Number of protein chains: 2
Amino acid sequence: MVRNYVGRSLPRIVSQSTGFLLSWVAGDAKHRFEAALGEAGMTAHQLGVLTALRGGPQMQARLSEQLEVFKPVMVTLINELEAAGWAERRPHPTDRRAVEVHLLPAGRQMLERADRIMQTTTEEMFSSLTPEERAQLHSVLLRLAGPIAPEEPAS
Amino acid sequence: MVRNYVGRSLPRIVSQSTGFLLSWVAGDAKHRFEAALGEAGMTAHQLGVLTALRGGPQMQARLSEQLEVFKPVMVTLINELEAAGWAERRPHPTDRRAVEVHLLPAGRQMLERADRIMQTTTEEMFSSLTPEERAQLHSVLLRLAGPIAPEEPAS
DNA sequence: TATTGTTATACTCTATAACTATA
DNA sequence: TATAGTTATAGAGTATAACAATA
């Protein structure tokens, strides 16, 4: 309970509570995804922003809102994306205060690579389950997760 | 992906990946447990230590190891437990460097209260599942979690 | 007066170092 | 030389404040 239990084997206490098990497995999943993305030189935060840009350029303020990231954090993230050549700031056509963040070709490639990474990692994670078990897990989690937010309108 | 998605409704992207769903549901679970414990004036960290003391007094160093908490953090945690009257430090019978941390009656009561809280919260969380679904979820998560650590020998 | 993007700052958590008193 | 407990310190990560430019 106390911390991350970085060790590779599941503490016995955790194995007895479905809630703790959930946290344990999710922590493991997070670690796997971040490690896999890290090998491609990308953080989960950066992927989040790139994903939000898939549908077209966005103002920084919208990105902050959508991803629920504080504005100063978004500044840093977009600096990183620009440094990597994955996205760039351009002046907003009508609002001179704002910048639009545009996805660059290298960023789109990175997104495709990230898609493959996420898919592979997911496959590894759930390989011990049958397709039926996996489908049932998904539907059960969906029910536990509660209502789904309405679709975001594009820029 | 990026951060905590503090909002109460599930972003659409998350709903499509079993891995993300897992993280989402686990985050929600963590929030529920911590809120419920908080109402009883207890943190999850503190509960972790109290639970470790259930089987008998422990040296601080062992507690740090078992719970994978850094030594300075354990100092703070045990200070908190002493301030709350739930546990106390006593000199180790043979090793004059060490202290033994003992569970006090108020701590044992708190543990029982925490047990009830955890049980109630678990019940709330999984109330939308049938007993069969819940059992299958548990067994599937157990498989995803991997090997279970061997029992800790008592102090 | 409100909003955009930025810089500066504070606060919490996590992690390490350094120290004493023993073993 | 190593270990137990403590204090001090460093570093991320997270959150807020304040500011200039513009709406």
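Note that the structure is predicted; figures quoted are calculated from it, not measured. The figures here come from the full heavy-atom set of this structure, side chains too, leaving out hydrogens, waters and symmetry mates. Order of the sequence lines sets the chain letters (A, B, ...), proteins ahead of strands, with each chain counted from 1.
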Testing D/dT22, C/dT7, C/dT22 for proximity to the side chain of B/Arg96, the answer is C/dT22
Nearest-nucleotide check on DNA chain C, A/Asn79 vs A/Ala98; residue mapping nearer the 5' end is A/Ala98
Between CD of B/Glu34 and P of C/dT12 the distance, given in whole Å, is 16 Å
Can we say B/Arg90 and B/Glu88 salt-bridge, meaning some charged N sits less than 4.0 Å from an Asp/Glu carboxylate O?
-> yes
To the nearest angstrom, the CE-C1' distance between B/Met59 and D/dT6 comes to 14 Å
Interatomic distance, OG1@A/Thr76 vs CZ@A/Phe70, rounded to 0.5 Å, equals 13.5 Å
Regarding the side chain of A/Lys71, the nearest nucleotide among C/dT6, D/dG5, C/dT7 is C/dT6
Between CD of A/Gln60 and C1' of C/dT7 the distance, given in whole Å, is 13 Å
*With a 4.0 Å cut-off on heavy atoms, is B/Ser64 in touch with a base, just the backbone sugar-phosphate, or nothing at all?*
nothing
Separation of C/dG5 atom P from A/Leu81 atom CG, nearest Å, is 15 Å
Taken to the nearest whole Å, CG/B/Leu77 to P/D/dG5 is 14 Å
Between CE of B/Met74 and P of C/dT14 the distance, given in whole Å, is 13 Å
Does B/Thr94 reach a base, just sugar-phosphate, or nothing at all? Heavy atoms under 4.0 Å.
sugar-phosphate
Practice task
Kindly say whether A/Thr43 contributes a backbone atom to a donor-acceptor pair with the side chain of A/Gln46 at under 3.5 angstrom?
Solution key: yes
In whole angstroms, the gap separating P of C/dT4 from CZ of A/Arg62 amounts to 5 Å
Side-chain atoms of B/Pro72 come closest, of D/dT14, D/dA8, C/dT7, to D/dA8
Picking from C/dG5, D/dT22, D/dA8, the nucleotide nearest the side-chain atoms of A/Arg97 would be D/dT22
- request: Would you mind reporting whether A/Ile78 and A/Met74 have side-chain heavy atoms less than 4.5 Å apart?
  value: yes
A/Phe70 atom CZ is separated from C/dC11 atom P, nearest whole Å, by 15 Å
Original post:
Under the 3.5 angstrom rule, does the side chain of B/Glu82 hit a backbone N or O of B/Arg89 as a donor-acceptor pair?
Top reply: yes
